[in-house]
Participant: 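Starting off with a structure, shown below.
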Number of protein chains: 2
Amino acid sequence: MRKTKAERQRLLKETIEYTPFITDEELAKIFEVSIQTIRLDRMELKIPELRERIKSVAKLQWNEQVRALAVEDIVGEVVDLELDKKAISIMDIGREHVFTKKNIARGHHIFAQANSLAVAVLNDELALTAKSNIRFIRQVKQGERVVAKAVVKKQTDKGLTIVQVDSFVNNEQVFTGEFHMYRSRDSID
Amino acid sequence: MRKTKAERQRLLKETIEYTPFITDEELAKIFEVSIQTIRLDRMELKIPELRERIKSVAKLQWNEQVRALAVEDIVGEVVDLELDKKAISIMDIGREHVFTKKNIARGHHIFAQANSLAVAVLNDELALTAKSNIRFIRQVKQGERVVAKAVVKKQTDKGLTIVQVDSFVNNEQVFTGEFHMYRSRDSID
DNA sequence: ATTACTTTTAGTACCAAGTCATAAATGATG
DNA sequence: CATCATTTATGACTTGGTACTAAAAGTAAT
């Protein structure tokens with residue numbers, strides 16, 4: 001039996017979201033209605049036509065490529081920042097961060113967040129990590145939110161700046177690291 | 001003056017690669033030739049029409065999403081592995097690894113390669129990094145190939161296994177790290 | 001059952017951005 | 001000037017639509 005209008009529209013929306021590369025004609029066959037009905041549905045649901053859908057997916061991809069380079073620069077989201085003093089960032093552990101077998105976050109993601117933050121907190125065009133001592137205090141699981149706190153400490157004898165980063169999940173410490181940073185004015189290159 | 005055919009086709013190819021969302025009409029205006037000429041050019045160069053180009057970019061995006069989750073587990077490519085003894089991995093530094101402004105690799109990528117290798121070299125279902133001392137010895141640039149070498153050392157008093165990882169570009173050391181690893185049999189969970 | 005209203009289908013004209021094929025105009029070169 | 005490559009023009013057809021109008025079918029209420 002053919003479904004009701006509301007039900008059909010619900011499924012239509014899902015179907016298009018799941019497989020955006022589908023024509024009205026194919027949809028009409030699937031739902032056993034005329035092309036016109038599909039088009040009426042799309043209008044009511046404000047779903048754009050095939051070509052526009054494809055285009056928007058493609059544009060997204062185009063932006064991703066640009067964005068991947070930009071966003072990659074900062075791991076986690078900086079929520080508080082006082083240049084050359086302190087900074088805080090949060091990162092939610094998702095599927096992409098954990099070991100595929102167990103759901104424990106891979107160390108380098110925790111590290112990346114901390115390292116990024118150490119770079120971001122410094123008021124320099126480009127700061128580089130020269131050395132660091134780190135410690136993973138406890139495992140972080142998928143779904144947990146890691147809050148990393150960076151504090152800028154003294155300069156070392158060699159002109160490096162020390163940034164201390166501690167990461168927490170619900171106020172429980174999961175990571176600690178001391179980052180010795182080169183700053184752009186004393187580049188090693 | 002209008003360019004020669006060969007020159008125009010060379011530029012056309014470039015242009016389309018760079019901005020695939022461009023119509024023949026727009027191209028015709030840019031190169032000051034008729035639409036038909038552009039179409040002849042596309043045929044000779046085997047460049048598909050706008051809609052096909054958009055579609056292929058969109059499909060690429062669709063695959064990327066799946067891929068991103070799988071590849072993430074191993075950073076770099078393991079080329080030699082003797083379990084519980086030593087391992088070697090290589091990683092080519094690409095655009096996705098460097099700071100957008102300068103072309104210097106971000107520390108956490110170098111770290112990720114080393115950390116991954118430290119995990120991989122241990123003959124355990126799941127090894128976790130507990131602690132590590134690392135040092136970035138010199139900057140790594142885009143295009144360089146980083147070879148990471150891991151050696152399994154002694155157990156510590158606390159049952160941790162120490163893995164020493166040193167990374168090189170053309171036999172010049174760029175990174176060194178000592179990783180203290182938990183092994184699955186003495187899980188901390 | 002008749003009326004009223006919603007939902008669906010049909011049909012036409014039109015559009016963008018092409019393909020395919022044929023023919024004519026233009027340019028360069030021996 | 002003849003000849004060949006290159007460019008332009010023209011028309012018919014294609015896909016996957018939009019926009020609009022009109023008719024048919026289904027559903028509910030009086």
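Note that the coordinates shown come from a computational prediction; the quantities given were computed from them, not determined experimentally. Within every chain, numbering begins at 1; the chains are lettered A, B, ... in the order of the sequence lines, protein sequences first and strands thereafter.
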Participant: Tell me every residue that passes salt bridge (Lys or Arg N to Asp or Glu O under 4.0 Å) with A:Arg51, counting only those two or more places apart in sequence or in another chain.
Facilitator: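 By the salt bridge (Lys or Arg N to Asp or Glu O under 4.0 Å) rule, A:Arg51 matches no residue at all.
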
Participant: Should A:Arg8 be listed as having a side-chain N or O under 4.0 Å from OP1 or OP2 of C:dT8?
Facilitator: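 Affirmative; the distance criterion is met.
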
Participant: Can you name the residues that form a salt bridge (Lys or Arg N to Asp or Glu O under 4.0 Å) with A:Arg53, not counting sequence neighbours?
Facilitator: none

Participant: Under 4.0 Å: is that the gap between some side-chain N or O of B:Arg42 and OP1 or OP2 of C:dT19?
Facilitator: yes

Participant: What residues form a salt bridge (Lys or Arg N to Asp or Glu O under 4.0 Å) with B:Lys13, not counting sequence neighbours?
Facilitator: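 Salt bridge (Lys or Arg N to Asp or Glu O under 4.0 Å) list for B:Lys13, sorted by chain: empty.
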
Participant: Could you please name the option among D:dT7, C:dT8, C:dT19 that lies closest to any side-chain atom of B:Arg39?
Facilitator: C:dT19

Participant: Could you work out, with side-chain hydrogen bond (donor to acceptor under 3.5 Å, both in side chains) as the rule, every residue matching A:Ser167, not counting sequence neighbours?
Facilitator: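 Testing A:Ser167 for side-chain hydrogen bond (donor to acceptor under 3.5 Å, both in side chains), a comparison that skips the adjacent residues, returns none.
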
Participant: My understanding is that only residues two or more places apart in sequence, or in another chain, count here; which of them pass salt bridge (Lys or Arg N to Asp or Glu O under 4.0 Å) with B:Glu52?
Facilitator: B:Lys55

Participant: Can you identify which nucleotide, out of D:dA19, C:dT7, D:dG16, has its nearest atom closest to the A:Met43 side chain?
Facilitator: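 The nucleotide sitting nearest to the side chain is D:dA19.
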
Participant: If the sugar-phosphate is the primed atoms plus P, OP1 and OP2 and the base is the rest, what is the B/S/- string for nucleotides 24-30 of chain C, using protein heavy atoms under 4.0 Å?
Facilitator: -------

Participant: Please name all residues satisfying side-chain hydrogen bond (donor to acceptor under 3.5 Å, both in side chains) with A:Gln9, sequence neighbours left out, ordered by chain then number.
Facilitator: A:Asp41, A:Glu44

Participant: Looking at residues at least two apart in the chain, or sitting in another chain, which of them share a side-chain contact (heavy atoms from CB on, under 4.5 Å) with A:Asn133?
Facilitator: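 Once residues adjacent in sequence are excluded, the partners of A:Asn133 under the side-chain contact (heavy atoms from CB on, under 4.5 Å) criterion are A:Glu178, B:Asn133.
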
Participant: Under 3.5 Å, which protein N or O atoms sit close to an N or O of nucleotides 10-16 of chain C? Give each pair with its distance.
Facilitator:
residue : atom : partner : partner atom : Å
C:dA16  : N3   : B:Arg51 : NH2          : 3.0

Participant: How about A:Arg145: does its CZ atom have over 12 heavy atoms from other parts shown lying under 6.0 Å from it?
Facilitator: no

Participant: Contact class for B:Ile35 (heavy atom, under 4.0 Å): base, sugar-phosphate, or nothing?
Facilitator: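 Here B:Ile35 touches no strand at all.
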
Participant: Rounded to the Å, how far apart are A:Ile38 CD1 and D:dG17 C1'?
Facilitator: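 Distance check: A:Ile38 CD1 to D:dG17 C1' gives 14 Å.
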
